[in-house]
There are 2 protein chains.
Amino acid sequence: MQIAREAGVAQSTVSRVLNGGSVAPETRRRVLEVVAKYDFQPSQAARSLVGARSGLIGVVIRDLTNPFYPVMVKAMERVLHEHGMRLSLVTDVMTAEEGLALLRREGVDGVVFTSAVQDEPLAHRMIGHGIPVVLCHRTLDDFPADQVEADNDTAGELAAAHLLDLGHRRIAMVCGLAGASTARQRGHGFRKRLRTAEGVTLTEIDGAYDYATAYEAVTALLAGAEPPTALFCHNDVMAYAALNAAAAAGVAVPDELSVVGCDDVPLSAWERIALTTVRQPLERIAQVGVELLLERLDHPERPHRHEVLPVEFVGRSTTGPA
Amino acid sequence: MQIAREAGVAQSTVSRVLNGGSVAPETRRRVLEVVAKYDFQPSQAARSLVGARSGLIGVVIRDLTNPFYPVMVKAMERVLHEHGMRLSLVTDVMTAEEGLALLRREGVDGVVFTSAVQDEPLAHRMIGHGIPVVLCHRTLDDFPADQVEADNDTAGELAAAHLLDLGHRRIAMVCGLAGASTARQRGHGFRKRLRTAEGVTLTEIDGAYDYATAYEAVTALLAGAEPPTALFCHNDVMAYAALNAAAAAGVAVPDELSVVGCDDVPLSAWERIALTTVRQPLERIAQVGVELLLERLDHPERPHRHEVLPVEFVGRSTTGPA
DNA sequence: CTGAAAGCGCTTACAG
DNA sequence: CTGAAAGCGCTTACAG
C-alpha cells in the first residue's frame with residue numbers, strides 16, 4: 001500500500017483511519033492528506049477476501065422490462081446504499097442457474113428473490129450454501145426464510161367486488177405465471193368473491209405476466225363467440241396489453257369492455273391510460289424485503305418473519321357499468 | 001482450497017482445470033468430481049485481486065425510470081455475459097461522484113457512460129485513473145475515448161420535415177437536458193430544418209428529459225395565449241408527458257395538437273399511445289458501446305472510434321395536418 | 001503434467 | 001496509539 005509508505009505509517013494504520021479505529025489526530029490528518037492526493041479507494045476485492053462480508057447483496061429480478069421492476073430496483077438500491085452496501089443484479093439475460101452461480105462467486109452476503117416460483121429449487125439451494133435469502137413480492141409456502149408480499153388475495157377480491165358492483169357477469173381473468181404466488185392468490189381472491197354472486201361466468205386465460213402473451217390471449221378472447229364484458233388482469237402490464245388489444249380490435253373501453261389491472265405502476269395514472277387497478281405498495285415491498293435481509297445478516301437465529309402489506313383499490317377510467 | 005485436498009492435488013492444479021490449463025484427463029476428472037460434489041464456485045474477489053482483470057464493467061445509467069434505459073441495460077448485460085463479464089450499475093440513487101468512487105473500489109475494467117453531460121469532469125477523471133471509458137448514447141466533443149451515438153441531428157431534421165409537410169407553422173420544442181449532446185443535436189437539426197420554411201414561429205421550453213418537468217411545461221404552454229399546433233419533444237418520455245398534459249387540458253391530439261417524440265421506446269408502438277417519433281437503435285447503441293469498450297481493453301493503443309448510428313422516422317397517430 | 005512458493009491488497013488479532 | 005505478522009482464496013511463474 002503506497003499510501004502507507006508516503007504517509008510514513010504502517011498499512012494497518014491506514015486501514016484504521018479508513019475504517020475508524022483509534023488513531024492520533026495528527027497521524028490521521030497526514031494519512032487523509034495522502035488519501036485525498038491520490039483519491040485513493042480501497043480495493044473491495046481485498047476487503048471481501050479478508051473480511052466477513054462482501055457488502056454485496058444479490059437481487060434476482062428476471063424481467064427488467066416490466067415497468068414494475070425498475071421501481072423496485074431503485075427502492076432496493078436506496079436502502080442498500082444507506083447501509084453502505086451494493087446490489088448485484090441477476091436478470092433473464094442468463095439462466096437463473098447461471099445467475100446464482102455468479103452470485104456465489106461474487107460472495108454476496110445475501111440474496112433477494114423477487115421471482116420465486118413453485119417447484120424451482122434455486123432459492124432453497126442458496127440457503128443450502130449458507131447464504132441468507134429473502135422472498136420479496138412473490139413468496140413460497142413453508143419456505144424457511146423471511147418473506148414480504150402484498151395482500152394479493154384481497155387484491156383479487158377488490159377487483160371482483162368492483163366488477164360485480166358494476167353489474168358484470170360475463171367475466172374473464174388474464175392469469176399471471178403459473179407457480180407464482182401472486183397469480184395464485186389474486187386468482188383465489190377473485191374467484192372467491194365472484195362466487196358470492198349469481199349467474200357469473202368466469203373464463204380464465206394465461207397471460208404469463210408477459211405483454212406479448214397477454215396481448216395474443218386477449219385478442220383471441222375478444223374474437224370469440226361470447227366475449228366477456230370485463231377483464232381482470234393479474235398485473236398492470238397485461239392490462240396494458242388488454243387495453244391495446246381491445247383498441248386494435250375496435251372494442252371500446254370501458255363501454256364494451258371493462259379492464260382492471262393489478263400493481264398500479266406509475267404509468268397507470270397517465271391520462272392516456274387511466275387504468276383502474278389495485279395498488280400494491282411497490283417501493284415499500286422492496287424496502288421491507290431488503291431490511292428483513294439486512295436484519296437477518298445481523299441476527300441469523302431470529303425466527304423468520306412473513307410480512308403482508310395492504311393493497312388499495314384505485315378506480316380510474318377503464319371500467320364502467322356492464 | 002479444500003477442493004484440492006479432497007481431490008488429492010495441488011491448488012494450482014485445481015486452478016488449471018477450472019481455467020483450462022493442461023491437465024491429465026484422469027486428474028481433471030477427479031477434480032471436476034469434487035467440484036461438482038460441492039457445487040464449488042471460485043471466489044471472484046480472490047481472482048480479481050490476483051488477476052489483471054476483475055471481469056466487471058461499470059455502467060452509469062442515472063434514470064432507470066425512463067423506459068429507455070432498462071432496454072439498454074439488458075442489451076449491455078447480454079453482450080457482457082457473452083464475454084463472461086458482469087455489469088455494475090450506477091444509478092441516481094447516489095451522486096455520480098459516489099458512484100465512480102464505488103466503481104473504482106470494485107476495480108471495474110472499464111466504464112460505460114450513458115449520461116455524459118458537458119462540463120462534468122467525472123468521465124475525464126476515470127480516464128485519469130487509467131480506466132478505459134466509452135461514451136454511449138450521449139457524447140462529448142473532443143473527448144479522448146470511444147463514443148457511440150445516434151444521428152441526432154438528422155433525427156431533429158426528420159421531425160421538423162414531417163411537421164412542416166403537415167403545414168404546421170406555430171411550433172414548439174420541448175428540450176432535453178441542457179448539456180446533453182442529444183438535446184443539443186436534436187435541437188440543432190430541428191431548428192436548421194425549420195429555417196428552410198417561411199413564417200415559422202418556434203417556442204422552446206425545457207423538459208429536462210423528465211416526465212414531470214415536461215408535463216408542467218407543456219401544461220403551461222397549452223394554457224398560453226397562442227398555443228402551438230405542433231410539438232417536437234427531445235425524447236419519448238417527454239412526448240408521453242405532452243400527450244397526457246394535452247388530454248388533461250382537453251386538447252385533442254392530433255386534431256388540435258401534433259406531437260412528435262424521439263427514441264421509439266417499445267411503449268410508443270402501443271395502440272393507446274401510437275406516438276409518431278424518430279427511432280434510434282437503442283439496443284444497437286448499447287451493444288456497440290460495450291463492444292467498443294471490450295475491444296479497447298484488448299487494444300489500449302488503437303485510435304479512438306466514434307460511431308454514429310442511423311435513425312429512422314416512424315409515423316403513427318399523434319400527428320396530423322395543421 | 002504437476003506441485004511448492006510467492007504475492008495480489010487488504011483487515012485482524014497481537015505485541016509493545 | 002502504532003507496527004509487524006499472518007492470512008483471506010486465488011493465479012502465475014518456476015521447478016521438476
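Proteins get letters first, then strands, A, B, ... in listed order; numbering begins at 1 in each.
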- [ ] Over 60° means perpendicular and under 30° means parallel, so classify the ring planes of B:His137 and B:Tyr69, tilted if in between.
- [x] perpendicular
Open item on the list: On the side chain of A:Ser12, is there an atom forming a donor-acceptor pair with the base of D:dA4 - under 3.5 Å, no angle test?
Closed with: yes
- [ ] Choose from C:dG9, D:dC10, C:dC14 the nucleotide whose nearest atom is closest to any side-chain atom of A:Arg16.
- [x] C:dC14
Open item on the list: What is the separation between atom CG on A:Asn19 and atom P on C:dT11, rounded to the nearest whole Å?
Closed with: 5 Å
Task: Nucleotide nearest B:Pro42 (side chain, heavy atoms from C-beta), chosen from C:dG3, D:dC10, D:dT2 - done: D:dC10
- [ ] Before accepting this row, confirm whether a basic side-chain N of the pair A:Glu97/A:Arg125 lies closer than 4.0 Å to the acidic partner's carboxylate O.
- [x] yes
Task: Distance, nearest 0.5 Å, that separates OG of B:Ser54 from CD of B:Gln44 - done: 7.5 Å
Task: 5' priority, DNA chain C, between B:Val50 and B:Arg28 [closest heavy atom] - done: B:Arg28
- [ ] Indicate whether OP1 or OP2 belonging to D:dG9 is found under 4.0 Å from a side-chain N or O atom of B:Ser43.
- [x] no
Open item on the list: Whether B:Arg47 contacts D:dC10 is assessed here as follows: a side-chain N or O lying under 4.0 Å from the phosphate OP1 or OP2. Is that the case?
Closed with: no
Open item on the list: From CD of B:Glu26 over to P of C:dC1, roughly how many Å is that when rounded to an integer?
Closed with: 14 Å
Task: B:Ser48 vs C:dC8: side-chain N/O to OP1/OP2 distance below 4.0 Å - done: no
Task: Complementary nucleotide for D:dA15 - Watson-Crick or wobble, under 3.5 Å - done: C:dT2
Task: Step-by-step salt bridge (charged side-chain N to carboxylate O under 4.0 Å, His left out) determination, B:Arg30 to B:Glu33 - done: CA-CA 5 Å; B:Arg30 202 144 30 91; B:Glu33 196 169 281; over 6 Å; no
TODO: Establish, with yes or no, whether the OP1 or OP2 oxygen of C:dC1 is under 4.0 angstrom from a side-chain nitrogen or oxygen of B:Ser22.
DONE: yes
- [ ] Whole angstrom is fine here: how far is it from CD1 in B:Ile3 over to C1' in C:dT2?
- [x] 18 Å
Task: Interatomic distance, A:Arg30 CZ vs D:dG3 P [rounded to whole Å] - done: 9 Å
Open item on the list: With a 4.0 Å limit, can you tell me whether A:Thr27 has a side-chain N or O closer than that to the phosphate oxygens OP1/OP2 of D:dT2?
Closed with: yes
Open item on the list: Rounding to an integer number of Å, can you tell me how far A:Gln11 CD sits from C:dA13 P?
Closed with: 17 Å
- [ ] Take atom CZ of A:Arg53 and atom P of C:dT12, then tell me their distance rounded to the nearest Å.
- [x] 12 Å
Task: Centroid-centroid under 6.0 Å between B:Phe143 and B:His124 rings - done: yes
